[in-house]
Participant: 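Please see the structure below; I have some questions.
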Amino acid sequence: MVTRLIIRGLFCITFVVHMIFTKNEYNKGRCYTKPFLMPLLVIYYILSAAEVNKLIVMALVFGFMGDMFLMWPKRKNNFMLGLGAFLIGHVCYVFLFLQGISFAKDVPVWFYLIIIVYAMVACAVLKKLIKHLGNMKIPTYIYMAVILLMSFASLARIWVMGMSISFLIPFIGSLFFLCSDSMLGFYTFIGEFKNGNIYIMLTYVLAQVLIVAGYLY
């Protein structure tokens with residue numbers, strides 16, 4: 001119990017300090033804090049879970065790898081490696097959310113119409129990005145398809161979990177991921193915007209925390 005409180009405190013302090021560094025554009029400081037965020041969250045999850053789900057651990061580990069690559073995105077291949085790491089992390093979350101769901105038995109046919117809403121979101125984002133993507137079009141399409149599938153799979157859990165905290169928190173986390181990655185796309189391909197790094201990091205960390213928290217209830 002004490003160890004968990006210490007880890008949680010360290011995570012919160014590290015995150016707050018990281019956001020302060022981000023706000024003040026102190027990149028050297030961010031390099032000191034960002035590498036500790038996902039490892040601390042992994043440790044907290046392992047110490048807190050009654051039964052550790054390896055998919056959550058894997059998703060956070062790949063999130064950590066993505067964080068490291070995107071700290072220096074302009075270095076050769078780093079952006080693609082970071083994108084690949086986060087992509088695998090989202091695939092882990094897809095399989096996590098699909099656990100225990102029988103789409104043939106649990107999910108009504110009309111529910112699939114919600115995919116249209118996700119498709120509309122994707123089209124709205126791509127409409128802004130498309131002319132700026134260059135040779136990144138195909139990787140972006142693949143990444144967007146996977147993250148939208150991740151959020152849809154999270155939403156589908158409502159048919160086995162009901163409107164419980166265990167369903168709602170991870171689903172909100174998936175929406176934060178959509179916001180974070182969309183903003184990162186705009187920030188990377190279209191251009192920096194005011195407080196962009198703050199919004200991207202805040203929504204990203206909240207996404208990871210909420211998904212983990214939902215599986216601790």
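Numbers here simply count residues along the sequence, with the first being 1.
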Participant: Checking side-chain polar atoms at under 3.5 Å, does N53 have a donor or acceptor matched by the opposite partner on Q99?
Facilitator: yes
Participant: Counting only heavy atoms from other residues, nucleotides and ligands, does the tally under 6.0 Å from OH of Y141 exceed 12?
Facilitator: yes
Participant: Would you please test K28 and Y26 for side-chain contact (heavy atoms from CB on, under 4.5 Å) and show each step?
Facilitator: CA-CA 6 Å; K28 189 175 181 179; Y26 180 40; 3.8 Å; yes
Participant: Roughly how far, to the nearest 0.5 Å, is the CD1 atom of I211 from the CG atom of L96?
Facilitator: 8.0 Å
Participant: If every non-hydrogen atom of C31 is compared with every non-hydrogen atom of M71, which pair is closest and at what distance?
Facilitator: CA-CE, 3.2 Å
Participant: Any side-chain heavy atom of P170 sitting closer than 4.5 Å to one from L210?
Facilitator: no
Participant: Is the CZ atom of F103 crowded by more than 12 outside heavy atoms at less than 6.0 Å?
Facilitator: yes
Participant: Kindly give the heavy-atom pair with the smallest separation between C92 and L55, and that separation in Å.
Facilitator: CB-O, 3.7 Å
Participant: Taking the side chain as every heavy atom from C-beta outward, state whether F62 and V91 have any pair of such atoms under 4.5 Å apart.
Facilitator: no
Participant: Answer whether the closest heavy-atom distance between the side chains of L10 and Y44 falls below 4.5 Å.
Facilitator: no
Participant: Looking only at the side chains, is there a donor atom on one of E51 and Y215 sitting less than 3.5 Å from an acceptor on the other?
Facilitator: no
Participant: About how many Å separate CG of L40 and CD1 of I6, when rounded to the nearest 0.5 Å?
Facilitator: 12.0 Å
Participant: Measure the shortest side-chain to side-chain distance between N197 and K23 over non-hydrogen atoms and say whether it is less than 4.5 angstrom.
Facilitator: no
Participant: With rounding to the nearest 0.5 angstrom, report the CE to CG distance, M38 to L60.
Facilitator: 6.5 Å
Participant: Do you know the tightest heavy-atom contact between F176 and A207?
Facilitator: CB-CB, 3.8 Å
Participant: To the nearest 0.5 Å, tell me how far M144 CE sits from L129 CG.
Facilitator: 6.0 Å
Participant: side-chain contact (heavy atoms from CB on, under 4.5 Å), that's the test. Do L126 and T140 meet it? Break it down for me.
Facilitator: CA-CA 9 Å; L126 287 173; T140 301; 4.3 Å; yes
Participant: Contact between M58 and Y93 at the side-chain level, heavy atoms closer than 4.5 Å - yes or no?
Facilitator: no
Participant: Would you please indicate yes or no on a ring centroid separation below 6.0 angstrom for F152 and F111?
Facilitator: yes
Participant: Answer yes or no: is there a donor N or O on one side and an acceptor on the other, between the side chain of S154 and the main chain of M150, under 3.5 Å?
Facilitator: no
Participant: So which heavy atom on A153 is nearest to which on V94, and how close?
Facilitator: CB-O, 4.3 Å
Participant: So L113 and I116, do their side chains get closer than 4.5 Å, heavy atoms only?
Facilitator: yes
Participant: Answer yes or no: is there a donor N or O on one side and an acceptor on the other, between the side chain of S48 and the main chain of Y45, under 3.5 Å?
Facilitator: no
Participant: Report the C-alpha distance between F86 and L70 in whole Å, list the side-chain angles of each, state the deciding distance to 0.1 Å, and finish with yes or no for side-chain contact (heavy atoms from CB on, under 4.5 Å).
Facilitator: CA-CA 10 Å; F86 281 122; L70 292 188; 3.5 Å; yes
Participant: Between the side chains of Y118 and S151, does any donor sit under 3.5 Å from an acceptor?
Facilitator: yes
Participant: With a 6.0 Å cut-off (strictly less than), is the heavy-atom count around NZ of K137, excluding the residue itself, greater than 12?
Facilitator: yes
Participant: With sequence neighbours excluded, tell me which residues meet side-chain hydrogen bond (donor to acceptor under 3.5 Å, both in side chains) with D181.
Facilitator: H90, Y143
Participant: Does some side-chain heavy atom of V205 sit less than 4.5 Å from a side-chain heavy atom of V209?
Facilitator: yes
Participant: Hey, does the side chain of R30 reach the backbone of M19 with a donor-acceptor pair shorter than 3.5 angstrom?
Facilitator: no
Participant: Is M201 reachable from I20 through a run of hydrophobic residues whose side-chain heavy atoms are each under 4.5 Å from the next?
Facilitator: no
Participant: CG/N77 to CG/L83 distance, rounded to the nearest 0.5 angstrom?
Facilitator: 12.5 Å
Participant: Roughly how far, to the nearest 0.5 Å, is the CG atom of L168 from the CE atom of M163?
Facilitator: 5.0 Å
Participant: Short question: side chain of S180, backbone of F177 - any donor-acceptor pair under 3.5 Å?
Facilitator: no
Participant: So, do T22 and H18 sit near enough that their side-chain heavy atoms are less than 4.5 Å apart?
Facilitator: yes
